[in-house]
Amino acid sequence: MIRVLIADDQPLVRRGLALILAPQPDVEVVGEAGDGAEAVELAGRLGPDVVVMDIRMPVLDGVRATAELARTRPGSRVLALSTFDMDEYVVAALRAGAYGFLPKDVSPEELIAAVRTVHAGEAAVAPRLLTRLISTYVRATPREPRPAVPASPTGMTPRELEIWRLLAGGFDNAEIAEELDISVSTVKNHITGVFGKLGVRDRAQAVIAAYESGLVEADRKPA
């Protein structure tokens, strides 16, 4: 069973999420929290596998609650929720340790699939949405130039560097495999190597690292 804790400051939203998740044969909703502080406290007592976490909440917001859970309960993986699909708080939550992100207008099927994906330890963010989101909000200011990326950062091979660049460009594993004319399993092996050499946990953090390092150029935030 996937033990799920739901954290949202709106009771109606919490109930709706619970009604979607609870009927699933492999899901058990173990609790509900109305703010980030309560989510951290309940996670400590209930030990959920997945915390469905609203980003913007009173007392302790979802970003700080995510960071606290990543520090104290790494086994409770956070799936972040936001009213907007383009939100700088989402990038902050991914940096803090969230395993995935969904806008609140997703379908019930997408929510259920994302909970299962996060429980499996994978990033539940569509690659192209992730890239668009991060390229909008992760960028250096004019007074803070990015450091140049060396030819082989952190000991990466040329192939790993190429795959990191494609990953940051929003390519999924199958698209990377097609682009480089290699198998998907080979792509997965290289991505594992990229994660290890970057010291990141998942795709979201690898994409953030690519933009912050200057490997790929971030778009300017729309006015």
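In this structure the side chain of W164 never reaches within 4.5 angstrom of the side chain of I191, judged on heavy atoms. Considering only heavy atoms from C-beta on, S76 comes within 4.5 Å of P48 through its side chain. Two residues are said to be in side-chain contact when any heavy atoms from C-beta on lie closer than 4.5 Å; I55 and L81 fail this criterion. Residues I6 and L17 form a side-chain contact, since some pair of their non-hydrogen atoms from C-beta on lies under 4.5 Å apart. Within the 4.5 Å cutoff, the side chain of E175 has no heavy atoms near those of the E179 side chain. No side-chain heavy atom of E38 sits under 4.5 Å from any side-chain heavy atom of E32.
Across all non-hydrogen atoms, the minimal contact from A174 to V184 is CA-CG2, 4.1 Å. Closest approach of V59 and A37 over heavy atoms only: CG1-CB, 3.8 Å. The minimum heavy-atom distance between A168 and V207, with the atom names listed, is CA-CG2, 4.1 Å. Smallest separation of non-hydrogen atoms from L94 and A98: CD2-O, 3.7 Å. When all heavy atoms of T72 and P74 are compared, the closest pair comes out as C-CD, 3.6 Å. Heavy atoms only, all atoms of each residue included: E160 and V194 are closest at O-CG2, 3.5 Å.
Y89 and M57 are members of different hydrophobic clusters when ILVMFWY side chains are connected at heavy-atom separations under 4.5 Å. Transitive grouping of hydrophobic side chains (ILVMFWY, heavy atoms separated by less than 4.5 Å) brings Y99 and V52 into a common cluster. In terms of hydrophobic clustering, with Ile, Leu, Val, Met, Phe, Trp and Tyr side chains grouped at heavy-atom distances under 4.5 Å, V4 and L42 are assigned to different clusters. No chain of hydrophobic side-chain contacts below 4.5 Å, direct or via other Ile, Leu, Val, Met, Phe, Trp or Tyr residues, connects V29 to M53. I20 and M1 fall into different hydrophobic clusters, defined by Ile, Leu, Val, Met, Phe, Trp and Tyr side-chain heavy atoms under 4.5 Å apart, directly or through other members.
Distance check: L102 CG to T117 OG1 gives 9.5 Å after rounding to the nearest 0.5 Å. Atom OG of residue S183 and atom CG of residue N189 lie 7.5 Å apart, to the nearest 0.5 angstrom. Here the CG-NE2 distance, from L180 to H190, works out to 8.5 Å after rounding to the nearest 0.5 Å. Atom CD1 of I2 is separated from atom CZ of R77 by 10.5 Å, given to the nearest 0.5 angstrom. One distance of note links CG of L79 with CG of L5; it measures 12.0 Å at 0.5 Å rounding. Taking CD of E41 as the start and CG of L60 as the end, the distance is 12.5 Å to the nearest 0.5 Å.
Within a 6.0 Å sphere centred on CD of E28, heavy atoms belonging to other residues, nucleotides or ligands number more than 12.
Ion pair D61/R56 not flagged as a salt bridge, since none of the NZ, NE, NH1 or NH2 atoms sits closer than 4.0 Å to an Asp/Glu carboxylate oxygen. Ion pairing between K104 and D8 holds under the 4.0 Å rule for side-chain N and carboxylate O. Looking at R73 and E68, no side-chain N of the basic residue comes within less than 4.0 Å of a carboxylate O on the acidic one, giving no salt bridge.
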- [ ] Test V50 against R3 for side-chain contact (heavy atoms from CB on, under 4.5 Å), laying out the working first.
- [x] CA-CA 6 Å; V50 176; R3 294 167 54 80; over 6 Å; no
Open item on the list: What verdict does the salt bridge (charged side-chain N to carboxylate O under 4.0 Å, His left out) test give for R159 and E162, after you've listed the backbone C-alpha separation in whole Å, the side-chain angles of each residue and the deciding distance to 0.1 Å?
Closed with: CA-CA 5 Å; R159 177 48 59 92; E162 189 174 19; 3.3 Å; yes
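With Q24 contributing its side chain and L21 its backbone, the two residues share no donor-acceptor pair below 3.5 Å.
None of I176, N173, V187, D172 except one satisfies the side-chain contact (heavy atoms from CB on, under 4.5 Å) rule with L166; the exception is I176.
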